Amino acid sequence: MNIRLLLAACAVILTGAASAALAQDPAPSHASYFEHYEGTATCLTCHEAEAKSFFVSQHYQWRGNSPAIVNSKGRQLGKINTFNDFCTSPTGNWIGIIRNSRGETLTKGCSACHAGLGKLPSPEMSREQLENIDCLICHASGYRRDLVQLEGESFEWKPILWKNQAGLDSVSKRISKPTRVMCLRCHSASGGGANFKRGDIEYALAETTRDYDVHMGTDGVNMQCVTCHAGADHRVRGRGTDLAGTDLPGRPLSCDTAECHGNAPHKQTMLNTHAARVNCTVCHIREFARTDATDMRRDWSKTVYNKEADRYTANITLEKNVQPVYDWYNGTSRAQLLGEPARHLADGSVGIMMPVGARSDPKAKIFAFKKHTARLPKLVDRNWMVPITVEHFFANGEMEPAVKNAAHEVYGIENAKTTWVETTRMMGIFHGVQPANRALGCLDCHGEPGRMDWKALGYGGDPMMVGRGRR
Amino acid sequence: MRTIKPKAILAALWMIPLAIVLTTNAVAGDKPNGKELYKANCKACHDKGSKFGEFTPMTLIQDQWRGFFKEKLVPAHKDVTLPGQSIKLLDSLTPEQMKAIEKFCVDHAADSEQPQTCT
């Protein structure tokens with residue numbers, strides 16, 4: 001805390017005491033801290049230290065230490081330098097407005113989900129970079145932003161109220177620790193639509209019941225995202241299984257640690273012994289995508305024209321109430337990185353992000369996953385995956401230049417020849433725990449047919465039938 | 001004072017999705033449809049580039065819309081008539097219809113919540 005912050009805090013305590021007596025509707029937290037909001041610079045006058053801590057976080061840099069990626073070789077990884085099987089890569093897709101033939105906006109770029117105002121994050125800290133941080137997206141209630149074209153070809157994310165200073169001043173003073181709705185601004189619509197990407201981080205969590213989510217239900221304990229995820233100095237806890245960087249490696253997040261439930265929360269011993277090899281989420285999250293359908297497959301080799309929206313897309317398969325698939329996971333993952341030989345799995349597909357672990361690995365447990373499949377380009381003469389510069393494709397439907405352009409941007413290869421390959425990505429499911437009476441029963445796994453593919457998991461057969469000795 | 005604030009902010013926030021659900025229901029019934037009424041009665045004079053100023057629900061925050069309907073609507077519009085109409089704007093709308101327009105503006109105001117979609 002600097003001097004200004006201290007003084008401001010004192011002022012608030014004094015004025016606060018007076019106004020609290022009168023106020024029915026308490027003034028927004030920052031009502032007396034500044035007059036007009038003039039961008040992030042306004043916040044920096046008192047919070048430079050917090051801005052500097054945010055600057056180095058995974059949320060801002062989109063790259064960071066990646067100890068959980070077995071093939072990271074010490075590199076700093078994240079969205080900025082990896083690729084995925086949704087919109088593939090921010091390279092060439094960072095920012096800009098692409099319109100259809102009717103002049104309607106189709107896309108604004110990947111920076112829509114970056115907590116910055118439009119500039120690419122730079123590893124070098126500077127005044128310009130600190131002012132590029134969008135504090136309001138995580139801290140102001142009622143904040144919304146939109147992409148605005150400045151003079152020439154440059155773009156900036158601006159509060160939609162940028163022409164209404166009084167409105168903007170009001171919103172920018174409604175400051176608090178992040179609420180669910182603020183985190184969900186990005187996390188619930190990633191991948192191109194409501195719940196497309198993750199499946200278990202739905203917009204419904206903004207306002208829900210205990211029956212839907214025992215942790216976040218407003219009629220229950222009403223936890224915020226940060227109740228579990230807040231770390232320190234703007235680093236968040238919990239990478240899940242398929243992100244590259246680990247923002248806060250020292251403090252992993254898991255249901256079975258002493259701070260939460262411990263590893264033997266049940267009265268029934270049988271359930272507790274299961275928990276040694278079966279992660280809590282497996283029994284406690286029956287299904288995901290319970291409100292909005294999620295993207296289970298994205299085939300970029302088959303393009304689809306949506307006449308109503310005058311827009312081209314990949315061929316996307318959406319599903320609701322999806323049952324997870326189960327696999328071993330020991331806390332680390334293998335990433336398919338750009339410029340590295342594509343690794344094919346047993347089923348022939350390329351594993352984009354795969355959990356590491358096996359029955360024989362004492363650190364591994366069975367986890368619940370969303371299995372996302374896709375078709376993506378790969379170079380013909382080199383065994384490298386190629387992302388897609390998707391933005392223009394949405395308007396013109398031309399896939400070939402979109403792939404060639406990406407090969408040029410990422411590898412410097414002109415006129416690349418590519419072929420389509422099948423891919424798989426395993427995405428851990430961690431949210432949407434329902435009340436205990438909805439947990440899986442013995443027969444959900446040990447019945448016929450059960451949820452577990454025993455052979456694939458490395459068992460000779462159902463371990464309950466086979467018995468301890470003969471497994 | 002600091003202890004009550006977050007609660008109040010959250011309470012206000014959670015009303016928004018609820019309010020949206022309520023309007024959608026209202027649309028399905030016989031109640032006046034605020035969105036349609038807005039399009040028919042306001043847009044003609046407040047579209048992009050209009051000389052009377054561009055207004056959509058997203059131009060103002062909820063408090064500003066409430067203030068507008070309470071204090072500014074009548075003085076600013078008492079003499080206006082929709083293009084092609086003979087009855088003055090304010091005489092052509094029932095109080096119930098005007099309430100529906102107000103609700104539409106408030107529910108979709110600049111400080112109502114919406115997730116960022118990336119494509």
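Throughout, a chain's letter reflects where its sequence line sits, starting with A, and its residues are numbered from 1. This is a predicted model, so every value here is computed, not measured.
- The closest side-chain heavy-atom distance from A:R174 to B:D111 is below 4.5 Å.
- Among all heavy-atom pairs drawn from B:E113 and A:Y203, the shortest one is CB-OH, 3.5 Å.
- The 12-atom threshold is not exceeded at NZ of B:K35, counting heavy atoms of other residues, nucleotides or ligands nearer than 6.0 Å.
- Under a cut-off of 6.0 angstrom, the local environment of NZ in B:K99 is sparse, with at most 12 non-hydrogen atoms contributed by other residues, nucleotides or ligands.
- Closest of all the heavy-atom pairs between B:Q64 and A:A166 is NE2-CB, 3.7 Å.
- Heavy atoms from other residues, nucleotides or ligands lying under 6.0 Å from NE2 of A:H59 number 12 at most.
- More than 12 heavy-atom neighbours from other residues, nucleotides or ligands sit within 6.0 angstrom of NE2 on A:H431.
- We find the CD-NZ distance between B:E54 and A:K163 to be 6.0 Å, quoted to the nearest 0.5 Å.
- Remark: the backbone N or O of B:S112 is paired with a side-chain donor or acceptor of A:R144 at under 3.5 angstrom.
- Interface check for chain B: of the options A:L168, A:T105, A:L161, A:V171, the most heavy-atom pairs under 4.5 Å are formed by A:L161.
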